[in-house]
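Take a look at the structure set out below.
Residue numbers begin at 1 in each chain, while the letters A, B, ... track the order of the sequences. Computed from a predicted model, the values in this text were never measured in an experiment.
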Amino acid sequence: MSDEQYDPQALQAKWQPRWEELDPFRAVEDAGDERPRRYMLDMFPYPSGDLHMGHGEVFAIADVVARYWFQRGYNVLHPIGWDSFGLPAENAAIKRNAHPAEWTYANIETQATSFKRYAISFDWSRRLHTSDPEYYRWNQWLFNRFFERGLAYRKGGLVNWCPKDQTVLANEQVVAGRCERCGSEVIRRELTQWYFKITDYADRLLDDMARLEGGWPDRVLTMQRNWIGRSEGADVRFEIEGRDEPVTVYTTRPDTLYGATFFVVAVDAPLAEEICDPERFSDFEAYRAEVAKLSDIERLSTDKDKTGVFLGRYAVNPVNGERIPVWAADYVLSDYGHGAIMAVPAHDQRDLDFAMKFELPVRVVLHTGMADPGETGVATAGEGTMVNSGPLDGLTKAEAIPRIIGILAERGTGAGAVNYRLRDWLLSRQRFWGTPIPIIHCADCGEVPVPDDQLPVTLPDLRGEALSPKGVSPLASATEWVNVACPKCDGPAKRDTDTMDTFVDSSWYFLRYCSPGFEDGAFDVDKVRLWGPIDQYVGGVEHAVLHLLYSRFFTKVLHDMGMVDFTEPFERLLNQGQVINQGKSMSKSLGNGVDLGEQIDAFGVDAVRLTMVFAGPPEDDIDWADVSAAASQKFLARAFRVMAEAGAASAPGVDTATGDLELRKVVHRTIDEVTRLVDSYRFNVAVARMMELTSAARKAIDSGPGAADPAVREAAETLAVMLSLVAPYVAEEGWERLGQPPSVARAGWPVAEPSLLVQESVTCVVQVAGKVRDRLEVSPSITAQELEELALASEKVRFHLDGTPRKVIVRAPKLVNIVP
RNA sequence: GCCCCCGUAGCCCAAUGGCAGAGGCAAACCCCUUAAAAGGGUUCCAGUGUGGGUUCGAGUCCCACCGGGGGCACCA
């Protein structure tokens, strides 16, 4: 029995510097390296301080997979970098009267130090920071490529504005009417901003998800599908009395066209103002002003009463010539479809609510067997038979839709159409700590991109108070920086003073890792061909429609540019759960925060990592109050003693075939099962198997063949390699005690011997009417017929059975069920 | 309101439609010890949220409901 204590802190102090020398996790790019390649990526961290418990979980989980791949002999790329532009650095800089870079790079160093202690299997040679000019230069270069292709454009319009952060936001960054970052209520402002034309890729973003099925969590795919929101229907042109041009509306229910009893224009659409009857204009303006005062949360609330005003005008239904009144309302959105709708109250609940409020007619055109919506207030949206619809009468909904589209097309008053909820990606931000948009505005030449050879456009040196938000970008105050000569005509011109959304930085960083120092473009196309796409991506579900959608978009554009040969960046995606405490998210106000560094100081890196992995399935939340890092530490101490005692009792290279057979069977069954469990990402169960192996070895040492038995060495060596996925320090120490050279991380994954997996006999359960009545020890290779005979011969079975059984179900060799 | 996921011992979690328990925590007890700690070991505990259905057989599949979590929610 070893009297040595397991001292995690001592092992960390011993092995961390050794690993720095050994550098065991370098990705190899030699053409001669024949090993299959794997690319593992963790969502890179934002340097907001030191690593927290959430980082502790995600990196521990991803590292199990990465280290497993290393052990399996793959050539693994597992890089690390920092998503280091962003608002918190800027706010910290204002508070401290400093430059955002000071806070940012200090935090990066803190996190890098913590990562090294946490022993994640990174290839540190590829480290990048998005706030480095060497990185963001290529954001600008990519922006220029997008601009050339018409995928980056500037337009005016209503945008989402966060009053606290004093910047515009993309639609994806507005969650339930609030700023995704700070939670403030978002308001709408009229601004001219830069956009990426992600809507051009809506169909491909949608269609390609079919290939991600199985590799990505269903809920993320669902969220992206909902976000893109493709719908099919028809555009229908309505004449407006007194207006030359007809107005087009989009509808998913062209079959109900004969049921349109009024027409609604979005109150904030220019069309509403234009077609409003002058006598009604003051009413309209008053209503519009009222709506403008509402926040999006109020405006979009579904239980809010319908509001609107009659515009004093009439639209003409193209199929029956009927005059229907035109209203303005805020339940119609100006930026979806055409900003105007035909209202069919009988078959659309929103239209019905509006019709009831303003006493507009309700006409049923689809007989569904339900009560009259005009009476009940419940619109009928289901299937049925068309009525009151001229040529459509008698058709079903499914038949009527193509028929009416055909009729409209024939008359030139409509056509089939597709619409998306997805809007273009607004990328301008009125903040400092980001990538300057590389555009120069010239009075004569317009929007002129900064020539590639003049990139990067670096940030001017602003700090402290100069960064405080003023509603326009802080860059605007750097007059020397702003005023430049136009690259085209050399005349006086001004730089664009906005910076890019930091989601631009993260949309392609995984490509940069393949050639982090590359100077002739954003990335070396050949290197990306070598490594891409990412085999496994691991990160939080909060990016389901942000980072992940943007990255998919970038990848498709780069594919169209011939720069990458794949169309989806992430083959597999794993969303780890959150670490919570006492049933709630950790927060300062609740006072339930747990500090990762303190946990490591108390229990050691290995125990914290093991706790994260063992707590449950990786996608489940971990309640830190429900798990025990102390227990993990105890297990690791047990494992340590087994390895140390085996190492002290025998030397490497023993003939394992002479070892204790019972223990050897446990070892090889464990190898077999843990391999399958890790392959299927059931890490918590894999850890349980390692615990069982440890117990079996303990028992063999204490009350079996003893520590010197070759099977004990085999068990201990197997344990060391398996543990290296989760608890690298104790695994490395154990490996050394076993007389093996470092690093255990590259020792190679053990292979189960098939001969040790077969069992000599198995217990067969014999049921009568589903109840267990006997157990038989039988050969695993027994035939169904032999087993049936054996079971029917059983005394216990016969006791519970009178007469001949009706049926006997045999599942050799494990089960027989006799139906009396 | 609509859609999705999850309900297994006091707790965290296992169980290709086939004996409900692998592992851990907590608890109790035993061994070791002058004692305690550390260590080694043993034991206790649910019939799977509820009610139906399919099946020879259901924790697992289907339906409804209850409870928890998440997503979407004037997108015509």
Side-chain angles (χ1 to χ4, degrees), chain A residues 1-3 5-6 175-176 217-223 225-227 229-231 233 249-254 256 260 264 266 299-304 306 329-333 335-344 347-351 353-354 419-423 541 544-545 577 583 610-611 614-617 619-628 630-632 634-635 637-638 641 673 677 682 684-692 694-695 698-699 701-703 763-775 805-811 814-820:
Chain A
M1 179 92 170
S2 165
D3 50 359
Q5 296 296 308
Y6 165 56
V175 178
D218 287 340
R219 65 170 171 161
V220 174
L221 296 175
T222 302
M223 283 164 76
R225 286 192 181 106
N226 287 343
W227 189 260
R230 181 188 152 100
S231 75
V249 300
Y250 172 72
T251 176
T252 53
R253 295 294 304 279
T256 62
V264 189
R299 189 185 156 184
L300 299 178
S301 160
T302 43
D303 39 310
K304 174 180 155 266
K306 290 282 180 288
D330 67 350
Y331 84 92
V332 173
L333 305 177
D335 58 351
Y336 181 78
H338 306 281
I341 62 153
M342 66 175 205
V344 185
H347 307 296
D348 182 286
Q349 190 62 48
R350 298 155 298 185
D351 296 343
D353 292 344
F354 194 86
N419 253 295
Y420 301 91
R421 304 168 44 106
L422 182 70
R423 311 291 202 273
V541 73
V545 285
L610 180 80
T611 305
F614 183 54
E619 55 278 0
D620 286 8
D621 285 352
I622 299 172
D623 192 329
W624 202 247
D626 288 340
V627 296
S628 170
S632 299
K634 260 168 93 170
F635 161 66
R638 253 164 90 79
R641 285 192 302 273
E673 286 185 27
L677 289 164
R682 296 166 64 223
N684 55 325
V685 188
V687 170
R689 296 292 170 270
M690 294 179 208
M691 289 174 169
E692 290 175 77
T694 306
S695 292
R698 175 82 263 152
K699 212 170 157 188
I701 293 170
D702 290 347
S703 54
T763 308
C764 175
V765 175
V766 184
Q767 299 175 329
V768 179
K771 288 195 172 67
V772 180
R773 297 302 185 189
D774 199 5
R775 290 158 209 274
R806 277 200 299 136
K807 199 170 175 184
V808 181
I809 287 107
V810 184
R811 293 285 177 273
K814 304 207 63 159
L815 180 127
V816 177
N817 188 18
I818 300 161
V819 188

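Between A/R689 and A/L677 there is a side-chain heavy-atom pair separated by less than 4.5 Å.
Proximity of A/S231 to the phosphate of B/A76: a side-chain N or O atom is located under 4.0 Å from OP1 or OP2. OP1 and OP2 of B/C4 both lie 4.0 Å or more from every side-chain N or O belonging to A/R225.
Put simply, CG on A/L677 is 14 Å from P on B/G23, counting in whole angstrom units. The CZ-P distance, from A/R698 to B/C31, rounds to 20 Å in whole Å. The nearest whole Å value for the distance from the NZ atom in A/K634 to the P atom in B/G23 is 16 Å. Nucleotide B/G39 holds its C1' atom 16 Å from the CZ atom of A/F635, rounded to whole Å. Per the geometry, CD belonging to A/E673 stands 12 Å off P belonging to B/G23, to the nearest Å. Distance OH (A/Y6) to P (B/A37): 22 Å, rounded to an integer number of Å. One interatomic measurement links the two molecules: CG of A/D623 to P of B/C12, which rounds to 9 Å at whole-angstrom precision. The distance from atom CZ of A/R638 to atom C1' of B/G24 is 11 Å, rounded to the nearest whole Å.
Heavy-atom minimum distance, A/A266 versus A/L333: CB-C, 3.7 Å.
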Check the interface with nucleotides 54-60 of chain B: list each N/O to N/O pair with the protein under 3.5 Å, or write none.
{"from": "B/C56", "atom 1": "OP1", "to": "A/K807", "atom 2": "NZ", "distance (Å)": "3.4"}
{"from": "B/C56", "atom 1": "O2'", "to": "A/N817", "atom 2": "ND2", "distance (Å)": "3.4"}
{"from": "B/C56", "atom 1": "O2", "to": "A/N817", "atom 2": "ND2", "distance (Å)": "2.3"}

Polar atoms only, N or O, under 3.5 Å: list the protein pairs with nucleotides 67-74 of chain B and their distances.
{"from": "B/A73", "atom 1": "OP1", "to": "A/R421", "atom 2": "NH2", "distance (Å)": "2.8"}
{"from": "B/C74", "atom 1": "OP2", "to": "A/L300", "atom 2": "O", "distance (Å)": "2.8"}
{"from": "B/C74", "atom 1": "O3'", "to": "A/R350", "atom 2": "NH1", "distance (Å)": "2.7"}
{"from": "B/C74", "atom 1": "O2'", "to": "A/Y331", "atom 2": "O", "distance (Å)": "2.8"}
{"from": "B/C74", "atom 1": "O2", "to": "A/K306", "atom 2": "NZ", "distance (Å)": "2.7"}
{"from": "B/C74", "atom 1": "N3", "to": "A/K306", "atom 2": "NZ", "distance (Å)": "2.9"}
{"from": "B/C74", "atom 1": "N4", "to": "A/K304", "atom 2": "NZ", "distance (Å)": "3.4"}

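Each of A/D218 and A/A688 has a nearest nucleotide on RNA chain B; the 5'-most of these lies closest to A/D218. Sequence order on RNA chain B of the closest nucleotides to A/A340 and A/P617 puts A/P617 first from the 5' end.
Nucleic acid contact for A/V765: base, since at least one base atom lies under 4.0 Å from a heavy atom of the residue. Residue contacts for A/F614: at a heavy-atom cut-off of 4.0 Å it reaches a base atom on one of the strands shown.
Every ring pair (Phe, Tyr, Trp, His ring centres under 6.0 Å) that A/Y331 has, sequence neighbours left out, goes to A/F354. Taking A/D330 as the reference, A/V267, A/Y287, A/V291, A/L294, A/R299, A/K304, A/T307 meet the side-chain contact (heavy atoms from CB on, under 4.5 Å) condition, with sequence neighbours excluded. A/Q767 meets the side chain to side chain donor-acceptor pair (under 3.5 Å) test with no other residue; sequence neighbours excluded. Here A/F614 pairs with nothing under the ring pair (Phe, Tyr, Trp, His ring centres under 6.0 Å) rule; sequence neighbours left out. Qualifying side-chain contact (heavy atoms from CB on, under 4.5 Å) partners for A/A769, counting only residues two or more places apart in sequence or in other chains: A/P820. Contacts of A/D620 classified as side-chain contact (heavy atoms from CB on, under 4.5 Å), with partners at least two apart in sequence or in another chain: A/P617. Evaluation of the side-chain contact (heavy atoms from CB on, under 4.5 Å) rule for A/A631 yields A/S628 as partners, not counting sequence neighbours.
Nucleotides B/C4 and B/C13 are separated by 24 Å at their P atoms, to the nearest Å. Atom P of B/C66 sits at a distance of 39 Å from the matching atom of B/G24, rounded to the whole Å. The P atoms of B/A37 and B/A27 are separated by 12 Å, rounded to the nearest whole Å. Rounded to the nearest Å, the gap between the C1' atom of B/C6 and that of B/U60 is 14 Å. Rounded to whole Å, the P atom of B/A26 lies 14 Å from the corresponding atom of B/G40. Nucleotides B/C61 and B/U16, compared at atom P, are 11 Å apart to the nearest Å. Separating the C1' atom of B/G49 from that of B/U8 is a span of 10 Å, rounded to the nearest Å. For the C1' atoms, the distance linking B/G41 with B/U33 amounts to 16 Å, nearest Å.
Each of B/G23, B/C25, B/C12 was ranked by its minimum atom distance to the side chain of A/V627; first place goes to B/C12.
Here B/C2 sits opposite B/G71 as a Watson-Crick or G-U wobble pair (both hydrogen-bonding atom distances under 3.5 Å). Within the shown strands, nothing qualifies as a pairing partner of B/G57 under the Watson-Crick or G-U definition with both distances less than 3.5 Å. A 3.5 Å limit on both hydrogen-bonding distances identifies B/C66 as the Watson-Crick or G-U partner of B/G7.
With no hydrogens or angles considered, a side-chain donor-acceptor pair links A/S695 and A/R638 at under 3.5 Å.
Ionic pairing of A/R423 and A/D335 is present here: one or more N-O contacts between side-chain nitrogen and carboxylate oxygen are shorter than 4.0 angstrom.
Shown here, B/G47 is classed syn by the O4'-C1'-N9-C4 or O4'-C1'-N1-C2 angle, which is within 90° of 0.
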